[in-house]
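Values below: all heavy atoms of this structure, side chains included; hydrogens, waters and symmetry mates excluded. Quick note on labels: first sequence line is chain A, next is B, and so on, each numbered from 1.
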There are 2 protein chains.
Amino acid sequence: MEQPKANRREVQKSETRALILKSARKLFETLDYDKVTIRGVAALGRIGLGTIYKHFPNKLSMLAAAFSDDLKNMYQDALATVPDNQSFQSQFVHISKRFFSFYTSHYSLSRAYLSHLFFYEQEWIDEINAFDDRYAQKIAELIRAAQDTGEINPAKDSHILALALMSNYFFVLANSFLLDKITDPDQLATRLETLIEQTLL
Amino acid sequence: MEQPKANRREVQKSETRALILKSARKLFETLDYDKVTIRGVAALGRIGLGTIYKHFPNKLSMLAAAFSDDLKNMYQDALATVPDNQSFQSQFVHISKRFFSFYTSHYSLSRAYLSHLFFYEQEWIDEINAFDDRYAQKIAELIRAAQDTGEINPAKDSHILALALMSNYFFVLANSFLLDKITDPDQLATRLETLIEQTLL
DNA sequence: TTCATTCAGAGAACGTGTTCACTTAATAAA
DNA sequence: TTTATTAAGTGAACACGTTCTCTGAATGAA
């Protein structure tokens with residue numbers, strides 16, 4: 001009731017926005033990015049072409065909006081399910097595998113997400129980066145815990161080590177999309193594990 | 001003299017191709033990728049629009065051709081100048097800095113190169129990857145040498161460790177283009193050094 | 001030499017993402 | 001209630017990358 005009179009206009013607008021995003025996501029999930037046309041999104045939502053540009057400045061920002069949504073869910077899920085009382089290495093692999101699982105099970109969509117990383121507007125870059133920062137923080141915590149138990153060399157800097165491990169993760173992820181087109185998350189996890197073993201040793 | 005008569009046609013064709021690449025490179029070096037138009041390249045070279053498509057299947061392949069050229073030079077230069085009789089760590093940083101130097105001194109062009117990594121035709125991906133493989137091989141050799149001198153833990157696998165270090169390198173490079181827009185190669189080298197210290201420790 | 005064939009060169013035409021001027025319905029002011 | 005203002009909604013128009021058909025010159029066969 002405290003809402004500012006729930007303007008008819010605003011309600012209508014946010015409904016339209018949701019409809020556009022729903023249509024866009026459906027198309028991105030089945031078609032390559034360049035095969036998805038704005039006219040196609042408009043037609044699927046029975047919306048005018050120009051209307052879409054009243055809600056999104058360009059095609060890419062629709063992708064970014066969807067990516068941001070999915071990232072939020074992924075991080076929430078991954079961080080909530082970190083297994084306690086396990087070695088740091090298996091914790092890290094566990095978390096990474098949840099990410100890999102998403103990416104491999106939504107292959108075409110994920111390829112669009114990741115391949116356009118360099119093209120998102122700064123606003124979206126910052127948002128994505130905020131996720132990564134929080135994630136790095138969490139990993140650093142787990143590392144410090146593992147240093148207390150003696151699993152990891154206490155001489156290492158937990159925060160920088162976290163970044164080094166994340167670089168291994170991104171490397172495996174990027175390679176799988178760029179070269180191998182691997183669709184099995186276990187295979188990716190294994191590959192990541194051999195990399196981080198070298199880093200943690 | 002064994003050449004097949006040096007067809008007038010073939011000579012003319014390769015000259016045209018070179019002219020196109022020269023025009024394209026000049027534009028890519030000063031303008032963002034999407035600000036470079038095929039019509040602009042054609043105009044600069046006083047060439048017909050359709051002619052360009054007789055030499056390159058699409059806009060991206062002109063960029064890929066230029067990238068491949070530059071990569072060849074960079075790798076040749078970097079591998080030829082590896083300083084002997086230094087610690088592995090400083091060797092690796094030295095090589096990396098040469099790459100960083102190229103990328104930062106041709107910032108706009110390099111951004112185009114790297115941001116389109118996911119979009120190159122398989123043919124070009126394979127070529128780029130071949131460079132990386134040879135590079136990884138070389139790094140692994142240096143690591144084995146460092147293991148002999150006791151600088152690096154002999155328990156580590158030289159080839160996998162090489163990949164782990166390259167992942168650190170790519171991480172620093174990607175971050176600099178994605179977030180920081182750093183244009184000082186020394187700063188990038190320092191950042192890389194802190195990362196690989198954790199990995200080598 | 002003469003003529004048929006090939007293929008580099010060229011630009012019109014097409015579908016795309018994006019911009020823009022316009023319409024129309026919701027809100028605010030009278 | 002009546003009128004003015006705002007802003008969502010719309011599709012024609014534009015510039016782009018790319019495709020296509022056409023032209024003309026180089027090549028090879030006669």
Tell me the interatomic distance from [X], atom [atom1], to [N], atom [atom2], rounded to whole angstroms.
| X | N | atom1 | atom2 | value |
| --- | --- | --- | --- | --- |
| B:Ile52 | D:dT19 | CD1 | C1' | 15 Å |
| B:Arg39 | D:dC16 | CZ | P | 6 Å |
| B:Glu10 | C:dG9 | CD | P | 12 Å |
| A:Leu31 | C:dT16 | CG | P | 12 Å |
| B:Lys35 | C:dT18 | NZ | C1' | 11 Å |

Of the candidate nucleotides [options], which contains the atom at the shortest distance from the side chain of [X]?
| X | options | result |
| --- | --- | --- |
| A:Ile38 | C:dT27, C:dT18, C:dA13 | C:dT18 |
| B:Thr37 | C:dT18, D:dT18, D:dC16 | D:dC16 |
| A:Lys59 | C:dG17, D:dT27, D:dT18 | C:dG17 |

With a distance cut-off below 6.0 Å to the six-membered ring centre and an angular limit of 45° from the axis, does A:Lys59 pair with A:Tyr33 as a cation-pi contact? yes
Categorize A:Val41 for me: base, sugar-phosphate, or nothing, with a 4.0 angstrom heavy-atom threshold over every strand shown. nothing
Heavy atoms under 4.0 Å, any strand shown: does B:Asn58 hit a base, just sugar-phosphate, or nothing? sugar-phosphate
If we check side chain to side chain donor-acceptor pair (under 3.5 Å) with B:Ser158, which of these qualifies: B:Arg144, B:Glu141, B:Gln147? B:Arg144
Go through the side-chain N and O atoms of B:Thr104 and B:Asp184 and say whether any donor and acceptor fall under 3.5 Å apart. no
Between A:Asp126 and A:Gln122, is there a side-chain donor-acceptor contact under 3.5 Å, judged purely by atom types and distance? yes
From CE (B:Met74) to OH (B:Tyr103), nearest 0.5 Å: 4.0 Å
Between the protein and nucleotides 4-8 of chain D, list every N/O to N/O distance that falls short of 3.5 Å.
{"from": "D:dT6", "atom 1": "O2", "to": "A:Arg9", "atom 2": "NH2", "distance (Å)": "2.5"}
{"from": "D:dA7", "atom 1": "O4'", "to": "A:Arg9", "atom 2": "NH1", "distance (Å)": "3.1"}
{"from": "D:dA8", "atom 1": "OP1", "to": "A:Lys13", "atom 2": "NZ", "distance (Å)": "3.0"}

With the side chain counted from C-beta on, respond yes when A:Phe119 and B:His116 share a heavy-atom pair under 4.5 Å apart, and no when they do not. yes
